[in-house]
2 protein chains.
Amino acid sequence: MTARYIQIKNAIKKQILSNTWQVGEKIPSERELAVTHGVTRVTLQKAMHMLEQEGFIERIHGKGMFVTRAIEDDVFMLNDGTSDSVQGFSREFREQAKVSSRLVCHQLLPADKTVARQLEINEGEPVHFIRRVRLIDDEPVLVEDSWINRGVIPVIPSRILEEGSLYEYIEHTTGKKIKFYSSVIEGDLFGEELAALLSIQPGRPMLKVSGVTKLEDGTAFNYSFSYNRADKFKIKNNWVGK
Amino acid sequence: MTARYIQIKNAIKKQILSNTWQVGEKIPSERELAVTHGVTRVTLQKAMHMLEQEGFIERIHGKGMFVTRAIEDDVFMLNDGTSDSVQGFSREFREQAKVSSRLVCHQLLPADKTVARQLEINEGEPVHFIRRVRLIDDEPVLVEDSWINRGVIPVIPSRILEEGSLYEYIEHTTGKKIKFYSSVIEGDLFGEELAALLSIQPGRPMLKVSGVTKLEDGTAFNYSFSYNRADKFKIKNNWVGK
DNA sequence: TAGTGGTCTAGACCACCTG
DNA sequence: AGGTGGTCTAGACCACTAG
């Protein structure tokens, strides 16, 4: 029961990725595509606005819609919210490379003030605290600390934390999709403790990303900090006006 | 001739900021607000989706719309694309603090391969190269290098670079709004040269933001790198699913 | 069941760009 | 003038949440 505009968006994205049109080339007009896909212009526009937001096309008033030049790169791009879902680390990268995790710590802790505020629970309520080192092609690239709402997900099998995708597990056990992700990006230097976990020198640059993830019913279930090696990650951001 | 949904979005944002409702409180339903503002639900929804994207409300299927808790902070938040326009440094911060610029360099240079590709012009065409140190409350906080398309904006008065807003000047002289901003965020360390310009020690952490800015007709006019003191800036990002 | 947001239709008119 | 995207209407039905 996927929405029609999502289907259309994905269909056209697929066409773009399979080089149906050249980069910079004009694609058919809204009116044409609406007929092709058997929907009204409004529905088609929703699909195209998403494609623009995701950086696949450029829409220019009075001119038409054009394929954006592809951007390839040597480092990993963190999800910036231009995908149609929040993937989480495992799902994000497992098709590009070998990803794995090393579980450093997993315990129940009472939520401190900050964690409680972010997860919208009471201070002192027990939450999962999880620290993992994430590896890409067997090289440690980031440390992630997560505080997870025990009310949403009472038990987390170690197997999931070491091998699987936590987000996938949560979507599966709750039966709800992930709907919202708010994050703050900061720059910092690696200190002794985190550097040791990644086998790098202290003082190397870090991209720190902290954020809260919510389910579609508005429940906050994950508050996390990830400490990324700045030489391994970039974050891309598209902004489209009005 | 502002669009109705933009007006409504701003009106409701203003109501939220003036505490018409408590944080977490339910605001009137789409159907109610549509009547109040004299538009159909579709138009009102466009306004509310923007407010959600900008982080002011949360929309929950079957429940309603709720005011999001305010987020205040001690450092400056760089524009992440949740505002309704790209402001540029001057317009972004001049209402929160005293902003100023120190012009380090302004000359015409032939575009190298990278600059030419980003500005969608031919290699070797002359472009403005501008290096400025930006200050907040008289403290230098970032260095910005800009390459500006001379075809779009032939002359840039020094006065604008030292005192005014370049984006404001460009919107004014071209008569076009800024429509698109694509950026990449990286972490790095300050080297000797940039550190000296900011009067800080080399080796301090930096948030590097590079990007291209376009006008509403699709013309790329600015390719820039900004080197931000990581202790002074954060970047906030909201992602809302589907 | 009643109320909420999510999606979709079949039109219409406006604003912008090009020949 | 003709084609393009941008906005808007007045409905309709669906999916989710609550009491």
Side-chain angles (χ1 to χ4, degrees), chain A residues 1-10 12 25-53 56-68 84-85 174-177 179-180 214-219 240-242, chain B residues 1-10 12 25-53 56-68 84-85 174-177 179-180 214-219 240-242:
Chain A
M1 225 333 284
T2 314
R4 198 75 187 83
Y5 70 89
I6 301 277
Q7 296 172 14
I8 295 172
K9 185 208 68 173
N10 288 329
I12 298 179
E25 191 180 347
K26 185 169 173 300
I27 70 176
S29 72
E30 290 184 351
R31 287 165 176 84
E32 278 182 77
L33 290 171
V35 172
T36 307
H37 292 85
V39 292
T40 54
R41 251 186 85 206
V42 203
T43 303
L44 189 109
Q45 278 176 330
K46 289 191 73 167
M48 304 317 276
H49 279 129
M50 292 188 73
L51 277 183
E52 182 182 42
Q53 196 62 254
F56 289 94
I57 62 166
E58 222 169 310
R59 293 164 63 80
I60 303 179
H61 195 168
K63 291 185 183 171
M65 303 185 286
F66 305 83
V67 175
T68 305
D84 46 351
S85 73
T174 62
K176 293 183 190 303
K177 291 277 176 197
K179 158 82 191 258
F180 180 76
K214 296 188 178 189
L215 297 173
E216 53 190 348
D217 65 359
T219 320
V240 181
K242 290 298 178 301
Chain B
M1 225 335 279
T2 314
R4 198 76 186 83
Y5 70 89
I6 301 279
Q7 296 172 13
I8 295 171
K9 184 208 68 174
N10 289 329
I12 297 179
E25 192 181 344
K26 187 168 172 300
I27 69 175
S29 74
E30 290 183 351
R31 288 166 175 85
E32 278 181 76
L33 289 172
V35 172
T36 307
H37 292 86
V39 291
T40 54
R41 249 184 88 206
V42 204
T43 302
L44 189 109
Q45 279 176 330
K46 289 191 72 167
M48 304 316 278
H49 279 128
M50 291 188 75
L51 277 184
E52 181 181 42
Q53 197 61 254
F56 289 94
I57 61 166
E58 221 171 310
R59 292 164 64 81
I60 304 178
H61 195 170
K63 291 186 183 170
M65 302 186 286
F66 304 83
V67 176
T68 305
D84 46 350
S85 73
T174 62
K176 294 182 192 302
K177 291 276 175 199
K179 158 83 190 256
F180 180 76
K214 296 188 178 188
L215 296 173
E216 53 189 349
D217 64 359
T219 320
V240 182
K242 290 301 177 297

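Just so it is clear, the model here is predicted, and its values are computed rather than measured. By convention in this document, chain letters (A, B, ...) are assigned in the order of the sequence lines, proteins followed by strands, and residues within each chain are numbered from 1. What you see below is based on every heavy atom in this structure, not just the backbone, and it leaves out hydrogens, waters and symmetry mates.
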Colleague: Just to be sure I understand the rule, does B:M48 reach a base, reach only the sugar-phosphate, or reach nothing, if contact means heavy atoms closer than 4.0 Å?
Modeller: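 Here B:M48 touches no strand at all.
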Colleague: Between A:H49 and B:R31, who's closer to the 5' end of DNA chain D by nearest nucleotide?
Modeller: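 Going by which nucleotide is closer to the 5' end, it is A:H49.
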Colleague: Side chain of A:R59, heavy atoms from C-beta onward: which of D:dA15, D:dT17, D:dG5 has the nearest atom to it?
Modeller: D:dG5
Colleague: Report yes or no: does B:T36 contribute a side-chain atom to a donor-acceptor pair with the main-chain N or O of B:E32 at less than 3.5 Å?
Modeller: yes
Colleague: Rounded to whole angstrom units, what separation is found between the CD1 atom of A:I27 and the C1' atom of D:dG3?
Modeller: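 After rounding, the reported distance stands at 15 Å.
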Colleague: I'd like to know if the side chain of B:R4 reaches the main chain of B:H37, judged simply by a donor and an acceptor atom lying under 3.5 Å from each other, with no hydrogens or angles considered.
Modeller: yes
Colleague: How large an angle, rounded to 10°, do the end axes of the helix from C:dT1-D:dA18 to C:dT18-D:dA1 enclose when each is built from five base pairs?
Modeller: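 The angle separating the two end axes equals 10°.
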Colleague: Between B:G62 and B:T40, which is nearer to the 5' end of DNA chain D once each is assigned its nearest nucleotide?
Modeller: B:T40
Colleague: Calculate the interatomic distance between A:K26 atom NZ and D:dT4 atom C1'; express it in whole Å.
Modeller: 7 Å
Colleague: Backbone N or O of B:Q45 within a donor-acceptor pair of the B:E30 side chain at under 3.5 Å?
Modeller: no
Colleague: Using the heavy-atom set of chain A and a strict 4.0 Å cut-off, write down the first and last nucleotide of DNA chain C that makes it in, 5' to 3'.
Modeller: C:dT7 to C:dT18
Colleague: Heavy-atom nearest nucleotide on DNA chain C for A:I60 versus A:G38: which residue maps closer to 5'?
Modeller: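 Looking at the nearest nucleotide for each, A:G38 comes out on the 5' side.
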Colleague: Take atom NZ in A:K177; do more than 12 heavy atoms of anything else shown fall under 6.0 Å from it?
Modeller: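 Open: at most 12 neighbouring heavy atoms sit under 6.0 Å from NZ of A:K177.
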Colleague: To the nearest 0.5 Å, how far apart are CD in B:E58 and NZ in B:K63?
Modeller: 9.5 Å
Colleague: Starting at the 5' end of DNA chain C, which residue's closest nucleotide do you reach first, B:E216 or B:K63?
Modeller: B:K63
Colleague: If you measure from CE on A:M65 to CD1 on A:I12, what distance do you get to the nearest 0.5 Å?
Modeller: 7.0 Å
Colleague: Using 0.5 Å steps for rounding, measure from the OG1 atom of A:T43 to the CE atom of A:M48.
Modeller: 13.0 Å
Colleague: For the atom pair OG1 (A:T174) and CD (A:E216), what is the distance rounded to the nearest 0.5 Å?
Modeller: 8.0 Å
Colleague: Which part of the nucleic acid, if any, lies within reach of A:V39 when heavy atoms closer than 4.0 Å are counted: base, sugar-phosphate only, or nothing?
Modeller: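 A:V39: backbone/sugar contact only, no base atoms under 4.0 Å.
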Colleague: Need one value for B:R41: base, sugar-phosphate or nothing, where a base atom within 4.0 Å counts as base even if backbone is also close, heavy atoms only.
Modeller: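 Base, at least one base heavy atom under 4.0 Å.
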Colleague: State the CZ-CD distance between A:R59 and A:E52, to the nearest 0.5 angstrom.
Modeller: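 Rounded to the nearest 0.5 Å, the CZ-CD separation comes to 6.0 Å.
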